[in-house]
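Data first, discussion second: the structure below is written as structure tokens.
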Protein chains: 2
Amino acid sequence: MKISAAESVVMEALWRESPLTSEAIMSQVCGPQDWTEGTVKVLISRLVKKKAVTAKADGRRYLYSPLLSRRDYVQGESQGLLDRLFDGRLAPLVMHLSEGDKLSDQDIAELKALVERIGK
Amino acid sequence: MKISAAESVVMEALWRESPLTSEAIMSQVCGPQDWTEGTVKVLISRLVKKKAVTAKADGRRYLYSPLLSRRDYVQGESQGLLDRLFDGRLAPLVMHLSEGDKLSDQDIAELKALVERIGK
DNA sequence: CGAGATCGATGACAACTGTCAACCATAGAT
DNA sequence: ATCTATGGTTGACAGTTGTCATCGATCTCG
């Protein structure tokens, strides 16, 4: 099942740390997102329904944990973009981003090191 | 304005070649997408309304051309993903994709060459 | 036991998306 | 002058998303 943008904000909180109570999730996301309690509750419910999150009963509340790993999510999103826009080829993606001119020297250095490592 | 997935299929046709009549667009996208005439017509209209496409009158029909460049679109999508999932850092993205193990030797070679070029 | 405080579930609603069909205007054909 | 084919505009409808408020069960404190 597909995870929406708003839902992914909740997932990020759970990937950072889990399990979490809904209260803890809210305290993490309500600030930056300016959401009310109700909004976050619904996002959590939808994620549970989508089986991206499990709810373990803990007394009267639930403890939520991700079922979908960040790794898998990120992999899917990245590969999807790559396939959709660059015919699955990595070099054109990197080229585009480097032309956007937002790469720091550090980015380039890291990338260089990484490519060395992959290449061998 | 945001371009949806279905709309981007129409945009791809126009980026490949433009201007095009709606008929030409349909012949390009109806096959792969299994869309009916009506569907494509609506997608085109919505793109015009969103100002992603212009319609120049040509007798009784229109000739459509992209207003949004593929370059800008791709840039936006790519940067968006990078910011959303990798905190704007390129190396982790490349790492993820390389771990997915779907990189060909050619990909790696291209990337290596590209990084050399950027680095200097 | 009764009054609040919690927490999840449910209902609501508008905007956007994917998908079509019906309608309408007009350029050509007869 | 009329008929028809063609292409654009509208209306429609279900599903998803973003956003909230209300309801109902339950736990806890006095």
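Since the structure is predicted, the reported quantities are computational estimates derived from the model, not experimental observations. First the proteins, then the strands, lettered A, B, ... as listed; each starts at 1.
- Between A/M1 and B/S45, the residue whose closest nucleotide on DNA chain D is further toward the 5' end is B/S45.
- At C/dT10, none of the side-chain N or O atoms of A/K49 fall inside 4.0 Å of OP1 or OP2 (strictly under the cut-off).
- In this structure, the side chain of A/W35 does not engage the main chain of A/M26 through any donor-acceptor pair within 3.5 Å.
- For D/dG7, the OP1/OP2 oxygens have no side-chain nitrogen or oxygen of B/T21 closer than 4.0 Å.
- Nearest-nucleotide assignment on DNA chain D puts the 5′-proximal partner with A/K2, out of A/K2 and A/T36.
- One interatomic measurement links the two molecules: CG of B/L43 to C1' of C/dC16, which rounds to 13 Å at whole-angstrom precision.
- A close approach under 4.0 Å does not occur between any side-chain nitrogen or oxygen of A/W35 and OP1 or OP2 of D/dG18.
- Counting heavy atoms from C-beta on, the side chains of A/S78 and B/F86 come closer than 4.5 Å.
- The separation between B/Y62 atom OH and D/dG7 atom C1' is 10 Å, rounded to whole Å.
- Checked by distance alone, A/R46 brings no side-chain donor or acceptor within 3.5 Å of a matching partner on the base of C/dT10.
- Distances shorter than 4.0 Å separate none of the side-chain N or O atoms of A/K41 from OP1 or OP2 on C/dT6.
- In this model, the phosphate group of C/dT6 is not approached by any side-chain N or O of A/R60 to a distance below 4.0 Å at OP1 or OP2.
- B/D58 has its CG atom 12 Å from the C1' atom of D/dG7, to the nearest Å.
- Look at CD on A/E37: it is 16 Å from P on D/dT19, rounded to the nearest Å.
- Between the CE atom of A/M26 and the P atom of C/dC7 there is a distance of 8 Å, rounded to whole Å.
- Using a 4.0 Å heavy-atom criterion, one finds that A/A55 contacts no nucleic acid atom at all.
- Looking only at distances, a side-chain donor or acceptor of B/W15 sits under 3.5 Å from a matching main-chain atom of B/L68.
- A salt bridge links A/R89 with B/E110: the closest approach of a Lys/Arg side-chain nitrogen to an acidic carboxylate oxygen falls below 4.0 angstrom.
- Distance CD1 (A/I3) to P (D/dT17): 10 Å, rounded to an integer number of Å.
- The side chain of A/T39 places an N or O atom within less than 4.0 Å of a non-bridging phosphate oxygen (OP1 or OP2) of D/dC20.
- Side-chain contact between A/T21 and A/L63 is present, with heavy atoms from C-beta onward closer than 4.5 Å.
- For A/I44 and D/dT19, the CD1 to P distance is 15 Å, given to the nearest whole Å.
- Using a 4.0 Å cut-off, some side-chain N or O of B/Y64 falls inside it from OP1 or OP2 of D/dG8.
- In this structure, B/Q33 places its CD atom 11 Å from P of C/dC20, rounding to the nearest Å.
- Between C/dA27, D/dA21, D/dT10, one nucleotide has an atom nearer to the side chain of A/V42 than all others, and that is D/dA21.
- Nearest heavy atom pair, residue B/L20 against residue B/A13, reads CD1-O, 3.8 Å.
- A sub-4.0 Å separation between OP1 or OP2 of C/dC16 and a side-chain N or O of B/S4 is absent.
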